[in-house]
Amino acid sequence: MPYPTRRPEATQSPDRGRELLARKWSYLLSGVVVVPLDRSQLDREMRVRLDEVCDAVHAEPFTQRAVERIGERLVALGYVGEDGLRVTLDVLGKGLFGLPEFQPVERHAQRIAAVLGAVSCGFLVGVKRSVFEQQESMQLSLLKAVRDAQWNLKESEARFEEVATSSTSGILVVDLSGRLVRANTAIGQILGYTTEELTGFALLDLVHPDSAKVLDEALRALVAGAQERVRQPQRLLRKDGDVARISLTVSLVRGAEDQPGHFVAVVEDGTELMLLQSELNRQALHDVSTGLPNRQFFTTHLEGALRRADPVRGVTLFHLDLDAFGMVCNSLGRRTGERLLVHVAQRLKAVVAREKAMIARFDGDEFAILIENTATTPDVATTVAEINRELSEPVYLDDHGLAVSASVGVVRRPPPDWEPANVMRAAEQALRRAKSRRRGQWELFHPGQDAVERRVDAMAVAMPGALEDGDIDVRYEPVVDLGGRGVVGVTARLHWDRGDDEVDHDTCTDLAERSGLILSLGEWQLATACGQLGWWAQGGGPLGADVSLHVALTRHQSRDGDLVRRVRRVLDDTGLPASRLTVGMPVEVFPEPDAVDNLTVLAELGVGTSLDDFGLGPDDLAVASELPVRWVRVARRLVARQARGEAEFLAGLVPLALRTGARVLVDGVETAAQAEWWRAAGAAAGTGPWFGTAAPAGEFQR
């Protein structure tokens, strides 16, 4: 039965994360809005709204209208204007990505952006409805004032004058012929005329010619009694020639005998609302800090660029990641980091100033450049070199001279039938390969190499299921005394049976390192092997009680802060004495303090320790002499070189290793001659095909 897999505990519960974010939202909102709620009531209200937002992100399927109602409810709280919406988008736009329930961010980023956009739309709908409700209320008041004027002209004039003067909406009184009889100050400000200049104008002369006919037909319908009120968006012509986009509501006022008297038109200036909507749309598609297009806008632009690309030259996509940007933020603060990003954006614009290109900022310190290639477009290497040359020029921010370099993934001339998502993924893959080398490097996307990596990634993500299904097991390889040829130990190695494919130990650990499964898989391997060794001892088989278990750890396992606790738990659960376990760590990991601490503590607990992949490195002997190591395991590559006749420079390796006080184990022995050569050199034990390959527990004992 597989050893239970331990999953990392969340550092913060979803409810706690939501509570903190809701309080932050309430606190910032209370500073810019006026609502009939005290602070505790507003906290509770914002928590309800946040729960609705989070539920909308998780909802399947996504319902646009349901999310829009959240924005409408914000407007319904009270006077929640433009500043309230800015606070809402800022808090949710940053806070949702930090909630544990939306990790990893890449999986939820698109849905969160859609939810924020829907909340904004709902907010605009709520504002519009509120404006219309205010207009409705004002319209009813005006109609009553006009009707009363038939009975008391003086009182009617006074009321109308008061309403018209104090209203922020434009008010026009129009006779049945369409001429303006009266106008208030507000409509004059909207159109740039004085009230005296407007008197006598024909209403239709103020309306844009494209929509004058529609309004004329609506006025005729009012007179005919087909409609009680006309409400429509309109474009009015200003005195300076510009167009004012307004919302127009027209009612017909009838006299005492229900005869048509005149029209009353209420004009609501929609410019601010349109500007707000335009700004919200811009913010939804652009990065706030740099002003560059964001991933959503860039992807849409990429789709069009692929369609119109030159069939020969095509397009080139550069995906950049700034090197050491995290160090800048950690040492100098996030504010300096944001200013550095703005500087990088300007430098990138300078690089592609002569090209038909779009630059975008993605998450964090990632940028993208899309160039639609022409005959004069430089080659990829030249462009990347120019990017790093520009970024290497220091810029002084807060008295600090800063410069960065960039790792770059490049997709050159992608096939025209590729979807934007495929091109973006290819650029990310190339960037990942570039970053795996060293800083300031670039990598060109290669379809063949990508296909191999995708197959490897597919295997890596399939490993947890294979472990659960029992397709991964532990096999055992003998460790043999080179002098007496007796079995003195057993090496535990992973094996994955994929039906038509057998995956060996080294590939299994590489895949697990890639996917992050290595810690839980390694603990299961250790527990399984320790339990098996104990069972063999109880069964009285050919393996004696002094046979030790050798388990090789990866670099990640060696640095694991929980390694000692894992080993102690396995030993306690299986009852295997610590002295019968030897844990090997790669020698290259020991410049890191965590690995040194783990090895030292394990040695103090009585666990045997080994330096794996031991070779001719300048620090290998120093590490072996300074740490409490029982074994050094000679690297397989050196054993292979000895087998090819390159033995002269290896002759002194074992005596030097023996001076550290450790015993020498040789890995990968294939022939009797090899075994004898290493025995004569002073090695104590060996493994490899000559002594027996790794086998399942039942076959190993036979």
Side-chain angles (χ1 to χ4, degrees), residues 60-62 64 104-114 117 281 284-287 292-321 348-349 351-352 354-363 366-384 386-387 406-436 441-462 514:
E60 292 295 344
F62 176 70
Q64 174 87 8
V105 169
E106 292 80 3
R107 185 180 303 167
H108 301 86
Q110 186 173 359
R111 176 60 62 84
I112 290 174
N281 290 336
L285 297 175
H286 289 76
D287 171 55
L292 295 176
N294 60 14
R295 184 185 291 269
Q296 179 182 352
F297 191 2
F298 185 83
T299 303
T300 302
H301 178 77
L302 174 60
E303 183 176 11
L306 290 173
R307 288 198 303 267
R308 63 176 178 267
D310 183 285
V312 176
R313 298 183 176 91
V315 301
T316 302
L317 173 60
F318 299 83
H319 191 172
L320 291 75
D321 184 273
L348 294 180
K349 290 179 181 178
V351 171
V352 296
R354 297 183 178 181
E355 303 295 332
K356 186 178 181 182
M358 172 182 276
I359 305 171
R361 180 195 171 191
F362 293 169
D363 301 327
E366 294 185 25
F367 291 82
I369 303 174
L370 178 67
I371 298 179
E372 299 182 40
N373 298 323
T374 65
T376 59
T377 300
D379 59 64
V380 171
T382 301
T383 301
V384 174
E386 180 65 13
I387 289 172
S407 299
V408 187
V410 184
V411 181
R412 184 169 179 267
R413 293 204 302 265
D417 59 343
W418 271 24
E419 294 294 326
N422 294 335
V423 182
M424 299 284 283
R425 188 197 60 79
E428 291 172 0
Q429 290 289 95
L431 174 60
R432 187 172 70 178
R433 289 197 296 270
K435 291 171 64 176
S436 68
Q441 300 300 301
W442 66 279
E443 186 76 24
L444 190 65
F445 173 77
H446 299 287
Q449 186 177 9
D450 177 65
V452 173
E453 288 194 355
R454 294 183 70 175
R455 286 196 297 270
V456 172
D457 287 345
M459 291 176 62
V461 299
R514 180 186 290 253

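Basis for what follows: all heavy atoms, side chains included, without hydrogens, waters or symmetry-related copies. The structure presented is a predicted model; accordingly, all values stated were derived computationally and were not measured. Each residue takes its place number in the sequence, starting with 1.
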Would you say the side chain of [Y] lies within less than 4.5 Å of the side chain of [X], judging by non-hydrogen atoms?
X	Y	value
Val384	Gln441	no
Phe298	Leu317	yes
Met424	Thr299	yes
Val411	Pro414	yes
Ile369	Met358	no
Lys349	Leu292	yes
Leu431	Val408	no
Glu355	Pro378	yes

Heavy-atom pair with the smallest gap, counting every atom of [X] and [Y]:
X	Y	result
Val315	Ala309	CG1-CB, 3.8 Å
Pro293	His286	N-CD2, 3.8 Å
Leu320	Ala406	CD2-CB, 4.1 Å
Trp418	Ala426	CZ3-CB, 4.0 Å
Ala458	Val461	O-CG2, 3.2 Å
Ala430	Val410	CB-N, 3.8 Å

Pairwise distance [atom1]([X]) to [atom2]([Y]) - rounded to 0.5 angstrom:
X	Y	atom1	atom2	answer
Arg412	Ile371	CZ	CD1	11.5 Å
Ile359	Asp287	CD1	CG	12.5 Å
Arg433	Trp442	CZ	CH2	11.5 Å
Arg361	Leu348	CZ	CG	12.0 Å
Arg307	Glu303	CZ	CD	5.0 Å
Ile112	Arg107	CD1	CZ	12.0 Å

Original post:
Could you give all pairs that pass the salt bridge (charged side-chain N to carboxylate O under 4.0 Å, His left out) test and reach residues 414-424, with sequence neighbours left out?
Top reply: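 Those involving residues 414-424 do not exist here.
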**OP:** Determine whether more than 12 heavy atoms belonging to other residues, nucleotides or ligands lie under 6.0 Å from atom CZ of Arg514.
**Re:** yes
**OP:** Would you indicate whether Gln64, at its atom CD, is surrounded by more than 12 heavy atoms from other residues, nucleotides or ligands within a distance under 6.0 Å?
**Re:**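 Atom CD in Gln64 is packed in, count exceeds 12.
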Original post:
Where do Asp321 and Ser407 land on the side-chain hydrogen bond (donor to acceptor under 3.5 Å, both in side chains) test, with the steps shown first?
Top reply: CA-CA 5 Å; Asp321 184 273; Ser407 299; 5.7 Å; no
Original post:
Are the charged groups of Glu372 and Arg308 less than 4.0 angstrom apart, N to O?
Top reply: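 Salt bridge between Glu372 and Arg308, a charged N being under 4.0 Å from a carboxylate O: yes.
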Counterpart residues, side-chain hydrogen bond (donor to acceptor under 3.5 Å, both in side chains), relative to [X] (two or more places apart):
X	answer
Glu60	Arg111
Thr374	Thr376, Thr377
Arg354	none

Subject >> By salt bridge (charged side-chain N to carboxylate O under 4.0 Å, His left out) - contacts of Asp310 (at least two apart) >> reply: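 By the salt bridge (charged side-chain N to carboxylate O under 4.0 Å, His left out) rule, Asp310 matches Arg313.
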Subject >> Residues in salt bridge (charged side-chain N to carboxylate O under 4.0 Å, His left out) contact with Glu428, at least two apart in sequence or another chain >> reply: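 By the salt bridge (charged side-chain N to carboxylate O under 4.0 Å, His left out) rule, Glu428 matches Arg295.
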Original post:
Using the benzene-type ring in the case of Trp, are the ring centres of Phe367 and Phe318 under 6.0 Å apart?
Top reply: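 No.
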Original post:
Hey, is the main chain of Asp379 close enough, under 3.5 Å, to the side chain of Thr383 for a donor-acceptor pair?
Top reply: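 Yes; at least one donor-acceptor contact below 3.5 Å.
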